[in-house]
Visitor: 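I'd like to ask you about the structure that follows.
In the text below, chain A, chain B and the rest are named by the order of the sequence lines, each starting its count at 1.
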Amino acid sequence: MNNKKILVTAALLYVNGLPHLGHVVGCWLPADIFTRFHKSYGNDVVYVSGTDDHGTASYVSAKEAGMAPSDYIASMNAKMKEIAKTLCINFDIFSGTNTAVHKEVTTDFFNEIHKNGYTEEKCSQMLFCEHDHIALADRFVFGVCPYCGYDKAYGDQCDKCGKTYELDDLKAPKCSFCGKEAVKKETKHIYISLDKLQPQLQAWVESKKDVWRPHVYSMTNKWFKEGLKPRCITRDIPWGIEVPLAGFEGKVFYVWFDAPIGYISITKELGGDEMVKDRWQNDDCQIYNFIGKDNIDFHAVFFPSMQLACKKYNLATNVVGFNFLNFEGQKFSKSNHIGIFCDKLQNSSVDIDALRAYLVSIFPENKDSDFTYEGFKLNTNAELVGKYGNFFNRTLNMINKNFEGALGVDFDDIKASLDQNDNEMIDAISTCPNTIADLFAKTEFKAAYKEIMRFASIGNTYLEKTAPWTLIKNGNIDAAKKVLYLCLNMAKALAIVASPILPNKTAEIWTEQLNFEGSPSDAGLWQESTKICIAKNHKVNLPKPLFARLDDEAIQSLKNELA
RNA sequence: CGCGAGGUAGAGCAGCUCGGAAGCUCGCCGGGCUCAUAACCCGGAGGUCACAGGUUCAAAUCCUGUCCUCGCAACCA
């Protein structure tokens, strides 16, 4: 049996706000499903994530909240953990970048890059806010547009006339946080020499051509066409990881320099140097990064370049980039209150498994997609209730009503009497779980979900064709037992293959209705799903509906709860 | 010539990487079943796969051009 080592990372969420469904769909959920699948398949997988704690915005937010940055971060991190729990996102660890371990790993990472000769220093002019003690990036400055005179123009672009310009040209620049005057200062920064790394990086990207999703590959290649340039990795703000170099006192690393290193430091936090060695320095370990499309550049260009310069850690096997999720045709927006924000889910009546299933069905794997309540209702009723849940219900009902829960036959007993319908059923049981496994392993979640529902449909069609209720009525008891025995085996397989997406419902049906030990996601159980091997005297329990049908009223009350 | 994504049945989408008789869900029409949460199963109507060229024995799929739609300050995957 194969026992692959896999490390899964989900993008570190910016600590400065609570996640909405878009975040869930872009990284947490697919990574969770991927991890659950591999565990169930018997592979050795670790899932790490956390919060990205540094950067100007979180520093300012903490200040506004009247908290010390680390207190602010701790409280936000705790809230996110709760949300993840609600959504049944099963991290092995959910930490962040505001830890001693992270500081140590990042510092070492930088020292290696520096030692290997991939850094350079440059001086430039920057705007500062003396009141907030931070350097002001273009988007944190406003002033008077040199072209049209608009007085709320940004550092590099005017929203009114649309023109772009150099920061030098902006008149009367001010800090966008406090509104006070911004002053120009000479400052020195460290750059990473991406230009020197381009050949190696390009070779790596080329080797991923058939592995990555097309949009990830093409977005990455754009950088090569323009040619990589040295990129600044330090900032003049008082919040972050200090640059360990003489002459750079008071400066910290740019948030996007230290954030991806967080994957490594969080792994270390979980399992020490031993685990880092096992997952990041072991060629037999596959690394999967789950991210949204706005993060592709960082995971497919900058972080791998950093790794190539550092020479200590392996690069990702796959950078799984997702597109964006919209909400009822509009973009998610915190300020305009558009979308579903996950803190609302905690006290709502929404069925998390049903929500997970719907989200999978609309995963923006290849292009942006749209969440609609109507779609959620449809998926729940047509797929989960009508196809998936219904199959368990009909099968278990008949076994209970007619045979007191135990059929008293096994595969050997029915072998002699198999007809074409039975063989098609057996064929489905022995092949569908493998197809589904392949799709999960290839991160094709939508297709895997579709295949699971098709699998359930095969079961429903089989029941229709064989009509065991008629067989029983006509006294054809052996034939009815044969049909229901095969259905029962399919039910078991259906619980196993859907467990990565529906962890709660499949666990429930496994123990309470199918009356099996353990859980459908137990390691290595996946391989069992293709076998027809339920014991002769196995007794199942009376079923009860797995998923509740949603009517318009239920949808309306959900809308109210989640708005 | 800013960048990116997309245009496939009434609606929403898959298929396009690796060309080979147009698929899925819903809706609509007709039929079947009654074990099941009025669930399930079968059949049918409905598409010049945006348009125009090209390559090919064969194009939704590859190439070229055209038209149209959407996103691109900030929060933000």
Side-chain angles (χ1 to χ4, degrees), chain A residues 10-14 16-17 19-30 57 61 138-140 142 152-160 162 164 176 209-215 217-219 222 290-296 321-326 329-336 339 361-362 364-370 372 374-375 377-379 381-387 389-402 446-447 450 453-454 456-457 459-473 480 483-484 487 543-550:
Chain A
L12 303 189
L13 252 44
Y14 202 46
N16 192 33
H20 57 233
L21 281 186
H23 299 97
V24 173
V25 141
C27 51
W28 280 11
L29 183 56
S61 294
D138 290 342
R139 60 172 195 233
F140 296 126
F142 71 94
K152 296 272 183 329
Y154 288 95
D156 58 347
Q157 183 177 10
C158 172
D159 275 355
K160 192 157 188 188
T164 59
S176 66
K209 191 174 180 179
D210 298 326
V211 181
W212 291 358
R213 293 198 208 290
H215 69 278
Y217 178 78
S218 68
M219 273 180 91
K222 247 179 47 185
F290 286 83
I291 55 168
K293 71 174 164 187
D294 60 336
N295 264 337
I296 288 172
F322 277 74
N323 288 293
F324 282 175
L325 182 73
N326 292 317
Q330 293 181 286
K331 289 184 70 183
F332 276 81
S333 165
K334 197 187 286 180
S335 44
N336 298 323
S361 80
I362 57 166
E365 290 173 10
N366 293 317
K367 60 181 179 189
D368 293 355
S369 66
D370 198 24
T372 64
E374 194 55 32
K377 177 183 155 193
L378 209 64
N379 185 260
N381 293 343
E383 306 292 324
L384 300 175
V385 174
K387 285 197 182 111
N390 190 27
F391 179 72
F392 288 97
N393 214 20
R394 355 178 33 185
T395 301
L396 296 178
N397 242 310
M398 281 186 273
I399 296 178
N400 270 288
K401 282 190 183 161
N402 301 292
K446 275 208 301 199
K450 234 177 168 177
M453 290 305 143
R454 195 182 72 87
S457 274
N460 281 316
T461 306
Y462 176 67
L463 277 175
E464 218 59 49
K465 283 183 183 165
T466 55
W469 50 89
T470 306
L471 295 172
I472 290 165
K473 210 178 284 171
V483 168
L484 292 174
C487 285
K544 65 170 192 245
L546 263 190
F547 292 94
R549 268 188 89 71
L550 293 172

Visitor: Does A:A382 reach a base, just sugar-phosphate, or nothing at all? Heavy atoms under 4.0 Å.
Guide: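 Here A:A382 touches the backbone only, sparing every base.
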Visitor: Base, sugar-phosphate, or nothing for A:N393, non-hydrogen atoms under 4.0 angstrom?
Guide: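 Base: the residue A:N393, judged by heavy atoms under 4.0 Å, touches a nucleobase.
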Visitor: With the side chain of A:N460 defined as its heavy atoms from C-beta on, choose the nearest nucleotide among B:C41, B:C13, B:U37.
Guide: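 Looking only at side-chain atoms, A:N460 lies closest to B:C41.
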Visitor: Categorize A:F547 for me: base, sugar-phosphate, or nothing, with a 4.0 angstrom heavy-atom threshold over every strand shown.
Guide: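 Base contact.
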Visitor: Which is true for A:G17 with a 4.0 Å heavy-atom rule: it touches a base, it touches only sugar-phosphate, or it touches nothing?
Guide: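 Nothing, no heavy atom under 4.0 Å.
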Visitor: Just name whichever nucleotide pairs with B:A39, Watson-Crick or G-U, keeping both distances under 3.5 Å, else none.
Guide: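 Checking every strand shown, B:A39 finds no partner, since no pair has both distances under 3.5 Å.
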Visitor: With a 4.5 Å heavy-atom cut-off, do A:F324 and A:K293 have their side chains touching?
Guide: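 The answer is yes, as the side chains (C-beta and beyond) meet within the 4.5 Å cut-off.
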Visitor: Out of B:C75, B:A14, B:C35, which nucleotide sits closest to the side chain of A:K367?
Guide: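 Minimum distance to the A:K367 side chain belongs to B:A14.
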Visitor: Please tell me if A:R549 has a side-chain N or O lying less than 4.0 Å from either OP1 or OP2 of B:A39.
Guide: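 Answer yes for this pair, as a side-chain N or O of A:R549 is under 4.0 Å from OP1 or OP2.
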Visitor: Suppose you measure atom C1' in B:U37 against the same atom in B:C75; what distance do you get, rounded to whole Å?
Guide: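 The answer is 42 Å between these two C1' atoms.
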Visitor: Students often get this wrong, so: under 4.0 angstrom with heavy atoms, is A:H215 touching a base, only sugar-phosphate, or nothing?
Guide: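 Counting heavy atoms under 4.0 Å across all strands, no contact is made by A:H215.
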Visitor: Mind checking A:L546 for me? I need base, sugar-phosphate or nothing, with any heavy atom below 4.0 Å counting as a touch.
Guide: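 Base contact.
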Visitor: Side chain of A:S218 only, heavy atoms from C-beta on: which candidate in B:A5, B:C76, B:U34 is closest?
Guide: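 When the side chain of A:S218 is considered, B:A5 is the closest of B:A5, B:C76, B:U34.
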Visitor: Mind checking if A:E374 touches a base, just sugar-phosphate, or nothing, with heavy atoms under 4.0 Å?
Guide: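 No contact.
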Visitor: Using a cut-off of less than 4.0 Å, is there contact between a side-chain N or O of A:K293 and OP1 or OP2 of B:A5?
Guide: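 Answer is no, no contact under 4.0 Å.
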Visitor: Could you work out which one of B:C26, B:C75, B:G6 sits closest to the side chain of A:L378?
Guide: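 The nucleotide sitting nearest to the side chain is B:C26.
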Visitor: Taking the side chain as every heavy atom from C-beta outward, state whether A:L325 and A:S369 have any pair of such atoms under 4.5 Å apart.
Guide: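 Yes. Closest side-chain heavy atoms under 4.5 Å.
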Visitor: Of the candidate nucleotides B:U25, B:A77, B:A39, which contains the atom at the shortest distance from the side chain of A:D294?
Guide: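 Shortest atom-to-atom distance from the side chain points to B:A77.
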Visitor: Check every atom of B:A77, B:C33, B:C41 against the side chain of A:W469 and return the nucleotide holding the closest atom.
Guide: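 Taking heavy atoms from C-beta onward, the closest nucleotide is B:C33.
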Visitor: Answer yes or no: does a side-chain N or O of A:K401 lie under 4.0 Å from OP1 or OP2 of B:C35?
Guide: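 No.
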Visitor: In Watson-Crick or G-U wobble terms, both distances under 3.5 Å, what is the partner of B:U34?
Guide: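 Partner of B:U34: none found under 3.5 Å.
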Visitor: Nearest to the A:K450 side chain among B:C75, B:C24, B:C42, which nucleotide is it?
Guide: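 My answer, after comparing the listed nucleotides, is B:C24.
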Visitor: What does A:P545 touch in the nucleic acid at a heavy-atom separation under 4.0 angstrom: a base, only the sugar-phosphate, or nothing?
Guide: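 Contact class for A:P545: base.
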Visitor: Given B:C35, B:U37, B:A77, identify the nucleotide with an atom nearest to the side chain of A:L325.
Guide: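 Selected nucleotide (nearest to the side chain): B:A77.
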Visitor: Let's see if you can work this out: which of B:C75, B:U34, B:A77 has an atom nearest to the side-chain heavy atoms of A:H20?
Guide: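 Closest nucleotide among those given: B:A77.
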Visitor: Would you indicate, yes or no, if B:G15 has its OP1 or OP2 atom less than 4.0 angstrom from a side-chain nitrogen or oxygen of A:N366?
Guide: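 Yes, A:N366 has a side-chain N/O under 4.0 Å of OP1/OP2 on B:G15.
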Visitor: Which nucleotide, B:G4, B:C75, B:U37, lies nearest any side-chain atom of A:K222?
Guide: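 For A:K222, the side-chain atoms sit closest to B:G4.
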Visitor: Applying the Watson-Crick and G-U wobble criteria at under 3.5 Å, what pairs with B:U66? Answer none if nothing qualifies.
Guide: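 For B:U66, the partner nucleotide comes out as B:A50, under the 3.5 Å rule.
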Visitor: Checking the side chain of A:N397 only, and the main-chain atoms of A:P543 only, is there a donor and an acceptor separated by less than 3.5 Å?
Guide: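 Between the backbone of A:P543 and the side chain of A:N397 there is no qualifying donor-acceptor contact (under 3.5 Å).
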Visitor: Now, which nucleotide makes the Watson-Crick or G-U wobble pair with B:A11, with each of the two distances under 3.5 Å?
Guide: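 When the pairing criteria are applied, B:U25 turns out to be the nucleotide that pairs with B:A11.
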